[in-house]
Number of protein chains: 2
Amino acid sequence: MPITIADVAKHAGVSKTTVSRVLNGKGELNAATAARVRQVIAELGYVPSAGAVGLARGRTQIVGMLVPSLTWPWIGQVLQGVVDVVEAEGFGLLLFTCNRGEESLRRFAQQVSAKSFDGLLVIEPEGTLDYITELHQAGLPVVLIDDRGHQPIFPSVATTDRSGGASAARHLLELGRRRPVVVTGPESFGCVQDRLAGFADEYAEAGHPLPPEHVLLGDFTFEQGRSAVGRLLASGASFDAVFAQNDLSASGALLALREAGLRIPEDVAVVGFDDVPLAAYSEPALTTVHQPLREMGDAAARMLLAHFKGTPLPTAAEVLPTHLVVRDSTRSRT
Amino acid sequence: MPITIADVAKHAGVSKTTVSRVLNGKGELNAATAARVRQVIAELGYVPSAGAVGLARGRTQIVGMLVPSLTWPWIGQVLQGVVDVVEAEGFGLLLFTCNRGEESLRRFAQQVSAKSFDGLLVIEPEGTLDYITELHQAGLPVVLIDDRGHQPIFPSVATTDRSGGASAARHLLELGRRRPVVVTGPESFGCVQDRLAGFADEYAEAGHPLPPEHVLLGDFTFEQGRSAVGRLLASGASFDAVFAQNDLSASGALLALREAGLRIPEDVAVVGFDDVPLAAYSEPALTTVHQPLREMGDAAARMLLAHFKGTPLPTAAEVLPTHLVVRDSTRSRT
DNA sequence: CTGAAAGCGCTTACAG
DNA sequence: CTGAAAGCGCTTACAG
């Protein structure tokens, strides 16, 4: 029932080869025949079957994307950046998550072996870096969207975690804050180390080295941000700023401070990291280090698609800059 | 280089037909040969090419999903529900958005014609319902995840908008609130009408009909929620509760109330709708009507996949219940 | 129980 | 400039 290249050929009175040629613009062909074929294609509303084309050409025109989960607030931004580029180039995006652990990964591996896509974009599900590296070495084009500071041996897109941390520090120093507290993320993440190093170095250089007890190990959750700061307050520690390494834990910190009756930013200024939508809607609105999530998705997709067209994949990571977004959590309202 | 069914056949000393049969478990076959073939498959790590299988069978084992955008806070939940089911059944999920308007839709239409997927799950991008209806009538299996209260003529999954609105009303009535204000979403949405009707009816029945000037037309944004309530306060209107029809505008309402120095919930209680993560992190934490987003994605995917296995698609919408989640915006803290 | 052959809908040397 | 034929990697009647 659906119309095929054979139908078009018959209607136009030419061979399938010729139809294929006008479709793909390959080889010389008589302008008149080409026009006639195009005419028939339009009349019949013919569109080549993606599957058949893929089989014949050995390429699917599909890019795969593997993400840990879809329910994190910032994943959508990255995904949107990816989808926009992929769609604009006429590719499809096949999405995989690791939500069901081992089982998910096994399914995903099957799809890789089944050649369901031509290349892979990945935000690394925890503990799968070795596996991804293998895929790359086995010849699958892979671009990592590196939110963890992995610095892998294959192409990747990352952001300036270190200078992002530094910018938070400089901002707080300019506001005269001398005794900051840092709430980190999981310590195994490279980005956590980088953000901390950038922040700590800046304070050290300014002559106010960060005391170890002012670095609180967190896990990027709201609850942990709240309890870490809550406990610190209860212990009677004195501090005038909090740098939480993601917005969720920064929001938790805001709550702990409000619960303690402290004024933000007068008593304690707070800076987050990421700039997810939540940051703008918290109380008070959160100053944060903006991560160019959408641009990272965008850049990764472009890199992969360019590779399909012959541009070699870059060996060094493409690093996109963060920038500080100042809101009420560090700027007293007039 | 990649290994094919022919390689397996050769190594096992059988025909491709036989290999295909053990792969698909079709037809009677000698237990010994089957075992030998399986052995070879395992040794070679053979996985059938998805594209070739799709072409031969006329089915892709891929479900398409069309969404308006990926950056809305609740889309990720629905998507995760969908992906979990789709992956568990060994299908792939091909994702499309309408972020680039007409152009996106044209690209999408191409993929439909190219038979890139067997069936479609859709959260309707505004103004595309007619197009989707056409696709369904043209024979494409479609299930709508109906967040707008469309009640389409094809299979869909929806939620109890009306009784969700009613539950918000009953809760506020129980708290003794007699003069509520409603901040709606875009009035063209069926869900907006339903939520309002459920809410208004409950108040009318309780003997406190909603005055028209207490129904504020909104657009589901934070800023609109804030300004609508802000203006109402400035006008000197008196009210003791706000029912905002999504969490984002409810957060905006919270901000307007805080800015006016009102206590929440003592002076004004606030109820939202959706129960996105933001709701739990707002100040104060927001009481809201939980929408079973993940379950909706889950149910839609199951419906579509069941159809592939022969179960007819239901004609009536599958309606999943909302439930009220009570937090501090209506419950005074002790 | 098993295989040879045709077919799915394209593309791509190879001839002419 | 154009077409017949082989091939991409599978599945599925049809024979035996």
Side-chain angles (χ1 to χ4, degrees), chain A residues 1-38 40-41 44-62 90 92 110-118, chain B residues 1-38 40-41 44-62 90 92 110-118:
Chain A
M1 200 59 215
I3 103 134
T4 73
I5 197 172
D7 301 321
V8 176
K10 189 177 309 169
H11 281 252
V14 298
S15 71
K16 295 190 291 174
T17 308
T18 298
V19 178
S20 175
R21 273 198 273 259
V22 350
L23 242 21
N24 301 298
K26 283 184 184 169
E28 338 274 275
L29 45 170
N30 181 301
T33 6
R36 184 153 36 93
V37 171
R38 256 186 277 274
V40 174
I41 289 176
L44 269 44
Y46 168 67
V47 177
S49 146
V53 173
L55 184 57
R57 283 214 272 248
R59 296 177 268 115
T60 58
Q61 294 265 98
I62 289 181
Q110 287 272 322
Q111 301 267 11
V112 174
S113 306
K115 310 219 154 303
S116 298
F117 44 83
D118 300 334
Chain B
M1 200 62 214
I3 102 134
T4 72
I5 196 173
D7 300 321
V8 176
K10 190 176 307 169
H11 281 252
V14 299
S15 71
K16 294 189 293 175
T17 308
T18 299
V19 178
S20 176
R21 274 199 272 261
V22 351
L23 243 21
N24 302 298
K26 284 185 182 166
E28 338 274 272
L29 46 170
N30 181 302
T33 6
R36 185 152 36 91
V37 171
R38 257 186 276 275
V40 174
I41 288 177
L44 266 43
Y46 168 68
V47 177
S49 147
V53 173
L55 184 58
R57 285 214 271 246
R59 296 177 269 114
T60 58
Q61 294 265 101
I62 289 182
Q110 287 272 322
Q111 301 267 11
V112 174
S113 306
K115 310 219 153 303
S116 298
F117 43 83
D118 300 334

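In what follows, every heavy atom counts, from backbone to side chain, and hydrogens, waters and symmetry copies are set aside. Throughout, protein chains are lettered first and strands after them, A, B, ... in sequence-line order, and every chain is numbered starting at 1.
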Q | Under 3.5 Å on both distances, the Watson-Crick or G-U partner of C:dA13 | A | none
(Q) Strictly below 4.0 Å: does A:Thr4 bring a side-chain N or O up to OP1 or OP2 of C:dC8? (A) no
Q.
Starting the side chain at C-beta, find the nucleotide from D:dC10, D:dT2, D:dG7 nearest to A:Thr33.
A. D:dT2
Q | Given DNA chain C, 5'-ward residue of the pair B:Ala34 and A:Val47, judged by closest heavy atom | A | B:Ala34
Q: Strictly below 4.0 Å, heavy-atom distances to any atom of DNA chain C: list the hits from residues 10-21 of chain B, or just say none.
A: B:Val14, B:Ser15, B:Thr17, B:Thr18, B:Arg21
Q) Is there a donor in the side chain of A:Thr17 and an acceptor in the side chain of A:Ser20, or the other way round, less than 3.5 Å apart? A) no
**Q.** Worked check of side-chain contact (heavy atoms from CB on, under 4.5 Å) between B:Val47 and A:Val112
**A.** CA-CA 9 Å; B:Val47 177; A:Val112 174; over 6 Å; no
Q.
Can you list everything that forms a side chain to side chain contact (heavy atoms under 4.5 Å, CB included) with B:Ala34? Sequence neighbours excluded, please.
A. B:Leu29, B:Arg38
(Q) Nearest to the A:Asn30 side chain among C:dC8, C:dC1, D:dC1, which nucleotide is it? (A) D:dC1
**Q.** Rounded distance (Å) that lies between atom C1' of D:dG9 and atom CG of B:Leu23
**A.** 12 Å
Q) What's the CG-P distance between A:Asn24 and C:dG9, to the nearest Å? A) 17 Å
(Q) Measure CG/B:Leu55 against C1'/C:dC10 and give the value in whole Å, please. (A) 8 Å
Q | Nearest-Å distance for atom pair CZ/C1', residues A:Arg59 and D:dG9 | A | 17 Å
Q: Please examine the side chains of A:Ser116 and A:Ile62, heavy atoms only from C-beta on, and report whether any two atoms are closer than 4.5 Å.
A: no
Q) Which residue, B:Arg36 or B:Ala52, contacts DNA chain C at a nucleotide closer to its 5' end, judged by nearest heavy atom? A) B:Arg36
Q) Heavy atoms under 4.0 Å, any strand shown: does A:Leu29 hit a base, just sugar-phosphate, or nothing? A) sugar-phosphate
Q: Measure across B:Ala52 and A:Leu55 and return the closest heavy-atom pair with its distance rounded to 0.1 Å.
A: CB-CD1, 3.9 Å
Q | Whole-Å distance separating the NZ atom of B:Lys115 from the C1' atom of C:dC10 | A | 15 Å
Q: Send over the distance from B:Arg57 CZ to C:dG9 P, rounded to a whole Å.
A: 16 Å
Q. What closest approach, in Å, do B:Pro48 and B:Val53 show between heavy atoms, and which atom pair accounts for it?
A. CB-CG2, 3.9 Å
(Q) I need the NZ-P distance between A:Lys26 and C:dA13, as an integer number of Å. (A) 8 Å
Q: Please determine, for D:dA4, whether a Watson-Crick or G-U wobble partner exists with both distances under 3.5 Å, and give it or none.
A: none
Q) Are A:Thr33 and A:Val22 side-chain neighbours, meaning at least one heavy-atom pair lies under 4.5 Å? A) no
